[in-house]
Amino acid sequence: MKHDHFINGLSAALKKDLPGTDVQWEMASSDRKATGFPRTKLSDSKMAAVLILLYPVDDILYTVFIERPVYEGVHSGQISFPGGKMELADADLLETALRETCEETGLCDDHLKILGRLTPLYIPVSNTEVSPYVAFCHQRPQWKINKDEVVSLIEAPLMDFFDKGMLKEKNMTVRDELLRVKYFDYKGSVIWGATAMMLHEMLAVIKREGLV
């Protein structure tokens, strides 16, 4: 298969030591750095998980993001990977990532190849630690979005994120606070915050292993 070398190489790389929070924080917004937010979860932190899904479209490897609706919450309107908070019925955080992905996007495939997990990322504003899992689907999924949780899906070629022109920085007002934000600009979609931090670590792993 066309992508076997890449997928197998990424799976092997995720079993090695990861770049970790130092690399994630290269994409951190100014409030994290200025206020000295902790980098690891607290004793009362909630647990959550997301799925970084890779799949082919016309022989090009893609990933997908969801655009969240505007609501009364800290992640209102943001672009993120599919995922959410762990529930009591979840056996582990991988099950959380898969369940939430199924609920939000309609991808309920038991045959996904789980490649591994990136460094868990603590999100201070929601006091949540998020575990990012990476998975591969052999074909483009048949999406069926949950309109209560997802405004739209953003499908993007993974390799596009290695273009340095996609990395940008600007001022943003978030929760009535002016922040300096680093972000990926994908066709006008602003991918920032925890999502950008997790994506940045995965790109670092791919680059370190010579897979790009």
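All values reported here derive from a predicted model rather than from experimental measurement. Hydrogens, waters and symmetry mates are skipped; everything else that's a heavy atom, side chains included, is used. The first residue in the sequence is number 1, and the count goes up from there.
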Hey, could you give me the CE/OG1 distance between Met197 and Thr119, rounded to the nearest 0.5 Å? 10.5 Å
Which heavy-atom pair separates Val212 from Lys207 by the least distance, and what is that distance? CG1-CA, 4.0 Å
Would you find a donor on one side and an acceptor on the other, under 3.5 Å apart, between the side chain of Ser45 and the backbone of Leu42? yes
Taking Asp109 for its side chain and His111 for its backbone only, find out whether a donor-acceptor pair lies under 3.5 Å. yes
Below 4.5 Å, heavy atoms only, C-beta onward: do Ile66 and Ile145 meet side chain to side chain? no
Minimum-distance pair of heavy atoms, taken over all atoms of Val23 and His200: O-CD2, 3.0 Å
Taking the side chain as C-beta and beyond, is there a heavy-atom pair between Val190 and Asp185 under 4.5 Å? no
Flag yes if Val205 and Leu61 sit in one hydrophobic cluster, no otherwise; membership is Ile, Leu, Val, Met, Phe, Trp, Tyr, and two members link when side-chain heavy atoms are under 4.5 Å apart. yes
Following the transitive rule for hydrophobic clusters with a side-chain heavy-atom cut-off under 4.5 Å over Ile, Leu, Val, Met, Phe, Trp and Tyr, establish whether Leu54 and Ile79 coincide in one cluster. yes
Does Ile7 belong to the same Ile/Leu/Val/Met/Phe/Trp/Tyr cluster as Ile60, with side-chain heavy atoms less than 4.5 Å apart forming each link? no
4.5 Å side-chain heavy-atom contact, Ile191 and Met166: no
Donor-acceptor under 3.5 Å (Ser30 side chain, Arg180 main chain): yes
Please report the C-alpha distance between Val150 and Arg68 in whole Å, then the side-chain angles of each, then the deciding distance to 0.1 Å, and finally whether the side chain to side chain contact (heavy atoms under 4.5 Å, CB included) criterion is met. CA-CA 5 Å; Val150 179; Arg68 297 196 178 279; 5.7 Å; no
How long is the straight-line distance from OH of Tyr133 back to CG of Leu118, given to the nearest 0.5 Å? 10.5 Å
Between the CZ atom in Arg99 and the CD atom in Glu104, the distance rounded to the nearest 0.5 Å is 9.0 Å
Indicate yes or no: at least one non-hydrogen side-chain atom of Phe65 is less than 4.5 angstrom from one of Ser152. no
Please check if Tyr62 and Leu158 belong to a single hydrophobic cluster, counting links between Ile, Leu, Val, Met, Phe, Trp and Tyr side chain heavy atoms closer than 4.5 Å. no
As a quick check of understanding, evaluate ring pair (Phe, Tyr, Trp, His ring centres under 6.0 Å) for Tyr55 and Trp143, giving each step before the final call. CA-CA 13 Å; Tyr55 56 93; Trp143 305 117; 5.8 Å; yes
Can you check side chain to side chain contact (heavy atoms under 4.5 Å, CB included) on Leu107 and Gln142, steps first, answer last? CA-CA 7 Å; Leu107 173 62; Gln142 297 295 313; over 6 Å; no
Please check if the distance between the ring centroids of Tyr183 and Phe161 is under 6.0 Å. no
Does the pair Asp59/Lys2 count as a salt bridge with the N-to-O cut at 4.0 Å? no
So do Phe184 and Leu199 actually touch side chain to side chain, heavy atoms under 4.5 Å? yes
Between the side chain of Glu95 and the main-chain N/O of Ala91, is any donor-acceptor distance below 3.5 Å? yes
Main-chain N/O of Leu53 paired with Thr63 side-chain donor or acceptor, under 3.5 Å: yes
Under 4.5 Å between side-chain heavy atoms, hopping through other hydrophobics if needed: is there a path connecting Leu211 to Leu18? yes
Distance col, row Lys187:NZ vs Asp160:CG, nearest 0.5 angstrom, shows 7.5 Å
Under-4.0 Å salt bridge between Glu26 and Lys182: no
Whether over 12 other heavy atoms sit under 6.0 Å from Asp17 CG: no
When you compare the side chain of Met47 with that of Thr128, does any pair of heavy atoms fall below 4.5 Å? no
Is there a donor-acceptor contact under 3.5 Å from the side chain of Asp90 to the main chain of Glu87? yes
For Ser11 and Leu115 the tightest heavy-atom approach is OG-O, 3.3 Å
Kindly compute the distance separating CG (Asn171) from CG (Leu178), expressed to the nearest 0.5 Å. 5.0 Å
With sequence neighbours excluded, what pairs up with Pro120 under the side chain to side chain contact (heavy atoms under 4.5 Å, CB included) test? Arg117, Glu129, Ser131
Could you go through Lys41 and Lys46, starting from their C-alpha distance and side-chain angles, then the distance that decides it, and tell me whether this counts as side chain to side chain contact (heavy atoms under 4.5 Å, CB included)? CA-CA 8 Å; Lys41 67 178 181 179; Lys46 298 178 285 291; over 6 Å; no
Measuring from Leu93:CG to Glu100:CD, what's the distance to the nearest 0.5 Å? 11.5 Å
I need the minimum non-hydrogen distance between Pro82 and Thr105, along with the two atoms involved. CG-CG2, 4.0 Å
So do the side chains of Leu10 and Phe136 get within less than 4.5 Å of each other, counting heavy atoms only? no
Under a 3.5 Å cutoff, is there a donor and acceptor pairing between the side chains of Thr195 and Gln78? no
Of the non-hydrogen atoms in Pro19 and Ala204, which two are nearest, and what is the gap between them? CG-CB, 4.2 Å
Atom NZ of residue position Lys85 - does it have more than 12 heavy atoms of other residues, nucleotides or ligands inside 6.0 Å? no
Is the shortest heavy-atom distance from the side chain of Val181 to the side chain of Glu169 under 4.5 Å? no
Carefully, step by step, assess Lys170 and Met172 under the rule side chain to side chain contact (heavy atoms under 4.5 Å, CB included). CA-CA 6 Å; Lys170 68 176 180 178; Met172 284 177 55; 3.7 Å; yes
Any donor-acceptor N/O pair, Glu67 side chain to Ile154 backbone, under 3.5 Å: no
